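Okay, so here's the structure we're looking at.
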Amino acid sequence: MDKLSGGEMVVQALKDEGVEYVFGYPGGAVLHIYDALFTLGEGLTHVLVRHEQAATHAADGYARSTGKPGVVLVTSGPGATNAVTGIATAYMDSIPMVVISGQVPRDKIGEDAFQETDMVGISRPIVKHSFMVRRAEEIPMTIRKAFHIATTGRPGPVVVDIPKDVTSPAEKFDYSYPERVRLRSYNPVTRGHSGQIRKAVQLLLSASRPIIYSGGGVILGNAWEQLRRFARMLDYPVTNTLMGLGAYPGTDRQFVGMLGMHGTYEANMAMHHADVIIAVGARFDDRVTNTPSKFCPDAKIIHIDVDPTSISKTVRADIPITGPVDAVLNEMISQIEDMRRSGAGEPDKASIQAWWGRIDAWRDAHGIYTSPRYDTSSHHIKPQDVIRQLWEVTRGEAYVTSDVGQHQMFAAQYYLFDEPRRWINSGGLGTMGFGLPAAMGVKLAHPDADVACVTGEGSIQMCIQELSTCSHYGLPVKIVNLNNGYLGMVKQWQDMQYAGRHSHSAYADSLPDFVKLAEAYGHVGIRVERKEDLREALENAFAMKDRLVFLDIVVDPHEHVYPMHIAPNGSMRDMWLSKTEKS
Amino acid sequence: MRRIISLLMENEPGALSRVVGLFSQRGYNIETLNVAPTEDPTLSRLTLTTVGDDRVIEQITKQLNKMIDVVKLSDLTEGAHIERELMLIKVRATGAQREELKRSADIFRGQIVDVTSTLYTIMLTGNQQKLDAFIQAVGDAVILEVVRSGVSGISRGDRVLSP
């Protein structure tokens with residue numbers, strides 16, 4: 001058994017947990033831990049960000065793209081509060097993350113000491129759980145518990161707040177990393193209720209207008225293989241939420257596109273007219289359902305989720321199934337296979353064929369994948385076209401992070417992800433500033449892959465300082481800045497609902513020269529103003545394998561994202577299809 | 001509908017604030033709340049009363065159950081149960097009212113636990129309606145201070161809330 005100080009135990013515990021990267025920023029309360037990183041940290045790579053918010057987003061991007069927990073180390077006070085936005089981002093999207101924050105020494109707590117803040121209190125509503133470490137001997141077990149809680153059940157961020165004196169090098173303790181952890185009040189379910197699953201299968205097979213509505217839980221629960229098998233054995237249409245993109249292949253015939261506020265016409269119509277909806281790891285978020293009381297009036301709803309609080313929260317489930325999505329889908333698949341061995345277990349082929357006929361008619365009428373629904377003859381570069389070309393240039397294989405706004409929706413609509421964990425965005429909290437630091441975490445995890453950050457000139461400025469971190473660690477991500485000179489989504493709403501009064505959403509005259517800015521940080525900047533230069537610029541950017549390239553692409557300032565749900569009081573089928581056309 | 005939710009939680013710093021925070025964070029009501037350690041010093045028993053329709057109550061119990069610090073939970077109002085609240089009430093007791101208040105306390109099976117020449121402090125236990133009725137019976141004019149514990153409860157028969 002080793003003798004270690006509190007600070008050393010923190011570092012050793014992270015190593016024993018198998019952590020590869022720690023994203024952080026040093027400061028007074030964590031100096032003992034940082035010193036232990038210096039002396040004991042071999043094998044554990046610390047990434048020094050330029051703002052603590054970026055540390056959490058980078059850890060988040062790492063977690064989303066690998067499925068492993070992201071780890072953050074920040075100091076007390078402002079270090080901790082700067083991390084709060086990133087913790088909330090991870091919480092809303094159920095991302096496994098462990099955030100270690102320094103705290104003032106125990107005898108100073110409550111005295112308004114320098115850089116003191118009640119981190120456990122501040123983070124309480126946005127964490128899965130949190131710990132305040134009171135004695136150094138508790139460090140190994142607390143860190144073990146933090147990782148266990150963060151990564152099991154419905155994942156989420158866990159904060160471990162450690163007072164400075166607890167990490168003091170003056171005293172050494174026996175250290176061993178616990179192999180097992182037991183929490184009497186925390187036992188996530190490991191399988192679904194078989195009776196409920198049987199009922200669900202019967203309902204599904206009797207459906208004539210079914211749809212599979214799959215969400216981020218399928219990705220978090222590593223259940224995309226099961227989802228694909230399940231969908232294919234039934235030949236039912238599949239729609240993915242913003243968080244679920246890639247769980248089912250975007251280019252597959254059975255995929256009807258994303259659903260919701262900016263979902264495809266065919267996905268929203270199919271949902272609205274469905275008689276059976278099976279929700280898999282999705283949470284009936286308000287950006288999906290439109291007005292809950294008008295949601296899918298004919299549908300019986302099966303809802304699978306590992307978190308019982310997600311079930312019947314906004315929309316009542318007819319058949320709730322609490323359980324991990326992979327286990328539940330496996331059981332459904334084997335039940336159907338059993339039925340098929342005895343000649344049953346087939347949906348009614350004729351009605352499913354008729355259903356596909358209606359869906360294909362919707363696709364032909366207004367689908368964004370059957371023909372372009374934006375003005376291709378415009379002399380402006382269209383943001384939709386940038387994403388389509390990005391998809392072509394990267395062969396649909398890139399990891400794409402995004403910020404929040406129009407560019408995010410265009411990326412979600414037009415970059416067809418065939419694989420999970422490639423689409424990295426802040427879906428729940430909608431955090432501008434997420435994209436660039438998230439891309440850093442993705443690039444560290446996948447150094448050989450193309451990593452694109454699709455952003456806008458508004459969002460990118462919210463964590464622009466990370467260009468410095470990218471040069472520090474040589475992270476050649478590609479920034480695709482859809483520059484329209486406006487806070488585009490704000491402007492779109494102002495155009496549509498405020499008679500075009502652009503209250504504080506225009507700032508074209510004060511934007512920086514992004515090319516020079518990128519160059520100032522040692523990167524490559526390319527400005528694209530003409531439509532005919534777009535393709536070459538994208539190809540050149542991705543050909544520069546070892547350079548960060550900032551593509552500043554001037555796009556049509558007046559483009560809107562369509563389809564768009566008509567709200568408030570609309571149903572799933574009520575959409576704007578263009579500036580003048582309603583569904 | 002009014003519900004009495006009773007739970008066992010880890011007797012740890014911060015556990016209570018998580019439970020209370022959940023209610024404000026998600027817009028649920030807490031009408032009364034009480035909390036104290038149990039015979040097992042690692043556990044606290046918390047009882048709260050809340051009001052909401054079935055959907056809200058279902059969410060409240062699910063959200064509480066989801067908390068790492070909450071070990072076990074029961075909605076006492078789902079079955080037969082006993083509920084009690086304790087009240088200490090300080091009243092002005094002078095002249096003819098002095099005898100009248102003593103009589104009222106007796107009728108409600110209250111005890112006078114402190115006396116001065118001009119006031120009584122009366123202790124009462126019962127369900128919420130009984131305590132409300134006593135307050136109404138003596139009238140606002142004589143009441144100087146009211147302290148209520150909030151509802152405690154336990155289920156009848158052999159149902160036991162244990163970890």
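As the structure is a prediction and not an experimental result, all values here were calculated from the model. As a basis for the values below, the full set of heavy atoms in this structure was taken, side chains included, without hydrogen atoms, waters or symmetry mates. Chain naming here is simple, since letters A, B, ... match the order of the sequence lines and numbering starts at 1 in each.
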**Request:** Using non-hydrogen atoms and a 4.5 Å limit, figure out which bit of A:Ile311 sits close to chain B: side chain, backbone, both or neither.
**Result:** both
**A:Thr314, part contacting chain B, at a heavy-atom distance under 4.5 Å** = backbone
Rounded to the nearest 0.5 Å, how far does [atom2] of [Y] lie from [atom1] of [X]?
| X | Y | atom1 | atom2 | answer |
| --- | --- | --- | --- | --- |
| B:Thr42 | A:Arg184 | OG1 | CZ | 4.0 Å |
| B:Met9 | A:Ser185 | CE | OG | 11.5 Å |
| B:Lys66 | A:Tyr186 | NZ | OH | 10.0 Å |
| B:Glu12 | A:Arg134 | CD | CZ | 8.0 Å |
| B:Asp69 | A:His129 | CG | NE2 | 4.5 Å |
| B:Ile68 | A:Ile149 | CD1 | CD1 | 4.5 Å |

Give a yes or no on whether [X] atom [atom1] has more than 12 heavy-atom contacts from other residues, nucleotides or ligands under 6.0 Å away.
| X | atom1 | answer |
| --- | --- | --- |
| B:Arg92 | CZ | no |
| A:Lys300 | NZ | no |
| A:Asp107 | CG | yes |
| B:Lys62 | NZ | yes |
| B:Asp53 | CG | yes |
| B:Arg148 | CZ | yes |
| A:Asn187 | CG | yes |
| B:Leu33 | CG | yes |

Between [X] and chain A, with a heavy-atom cut-off of 4.5 Å, which part of the residue counts as in contact: side chain, backbone, both or neither?
| X | answer |
| --- | --- |
| B:Gln63 | both |
| B:Val70 | backbone |
| B:Leu8 | neither |

**Message:** Could you report the tightest heavy-atom contact between A:Ser130 and B:Arg18, atom names first, then the distance?
**Reply:** OG-NH1, 2.8 Å
**Request:** Indicate the atoms forming the closest heavy-atom contact of A:Ser312 with B:Glu58, along with that distance.
**Result:** CB-OE2, 4.0 Å
**Message:** For a side chain to side chain donor-acceptor pair (under 3.5 Å) check, start with the C-alpha distance between A:Thr309 and B:Arg26, then their side-chain angles and the critical distance, and finish with the verdict.
**Reply:** CA-CA 12 Å; A:Thr309 68; B:Arg26 296 198 179 262; over 6 Å; no
**Request:** Would you mind reporting whether B:Pro13 and A:Met132 have side-chain heavy atoms less than 4.5 Å apart?
**Result:** no
